[in-house]
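Have a look at the structure below before the remarks.
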Amino acid sequence: MFGCLVAGRLVQAVPQQVAEDKFVFDLPDYENINHVVVFMLGTIPFPEGMGGSVYFCYPDQSGMAVWQLLGFVTNEKPSAIFKISGLKSGKGSQHPFGAMNLPQTPTVAQIGISVELLENLAQQTPVASAAVSSVDSFTEFTQKMLDNFYNFASSFAVTQAQMTPNPSEAFIPANVVLKW
């Protein structure tokens, strides 16, 4: 039903089922992971009115499990990218995995998925620094890239008096690039 992907590693498509409605993926060597992708495989949809809360769990200095809500996946939003690199020093939050005795080792973290009602998912607040990548961040990147391009191109600007005729060069007015 679910998959988990970390860049540079094989896809994990078989979570460990720890309860009827709870699943976990182990993340060995989690200190070297920046982002994790959680997705539905497309083979089994959530039951009507249900979705999955996605949690990140890591062992604190004393070896106790610290769970943090990252976000959710649903039939309408079947995948999400979460940034986990900044979460390793934060505080835990309320989670549905508390009563379970999941083994923790110092170098292994876990991604937990809890199947819940959509109404409950809407009321939950994920950890702010786990910001899910979205189109807005892509738009922001594109704007910064184009600003950088304009600044770079402008650094070569010359006045009309400084131009020397050269049939092999083409000149584009800076205002054309700016209008674009």
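Everything quoted here is computed from the prediction, not taken from an experiment.
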Validation row, ring centre Phe2 to ring centre Phe46 under 6.0 Å: yes
Would the distance check show the side chain of Gln17 and the main-chain N or O of Glu20 forming a donor-acceptor pair, the cut-off being under 3.5 Å? yes
If you take the centroid of each ring, where Trp contributes its six-membered ring, are Phe56 and Tyr58 closer together than 6.0 Å? yes
Where do Leu121 and Gly52 come nearest, in terms of heavy atoms and distance? CD1-N, 3.8 Å
Pairwise distance CG(Leu27) to SG(Cys57) - rounded to 0.5 angstrom: 10.0 Å
Which atom pair, heavy atoms only, marks the closest approach of Arg9 to Pro28? NH1-O, 2.7 Å
Do the side chains of Phe72 and Phe82 join up, straight or via other hydrophobic residues, at under 4.5 Å, putting them in one cluster? no
Cluster overlap Leu118 with Met40, hydrophobic side-chain contacts below 4.5 Å: no
Is there a path of hydrophobic side-chain contacts, each under 4.5 Å between heavy atoms of I/L/V/M/F/W/Y residues, joining Val6 to Phe25? yes
With distance as the sole criterion, is a donor-acceptor pair present between the side chains of Asn32 and Asp29 under 3.5 Å? yes
Is the number of heavy atoms from other residues, nucleotides or ligands within 6.0 Å of CD (Gln162) greater than 12? yes
Quick one: do the Gln110 and Gln16 side chains pair a donor with an acceptor below 3.5 Å? no
Do Val14 and Phe39 share a hydrophobic cluster, counting only Ile, Leu, Val, Met, Phe, Trp and Tyr and linking them when any side-chain heavy atoms are less than 4.5 Å apart? no
Heavy atoms only: give me the nearest Asn166-Ser168 pair and the separation to one decimal. OD1-OG, 2.9 Å
Ignoring hydrogens and geometry beyond distance, is a side-chain donor-acceptor pair present between Asp147 and Gln143 at under 3.5 Å? yes
Partner of Leu5 by side-chain contact (heavy atoms from CB on, under 4.5 Å), out of Val36, Val38, Val37, Ile81: Val37
Under 4.5 Å between side-chain heavy atoms, counting indirect links through other Ile/Leu/Val/Met/Phe/Trp/Tyr residues: same cluster for Met1 and Val54 or not? yes
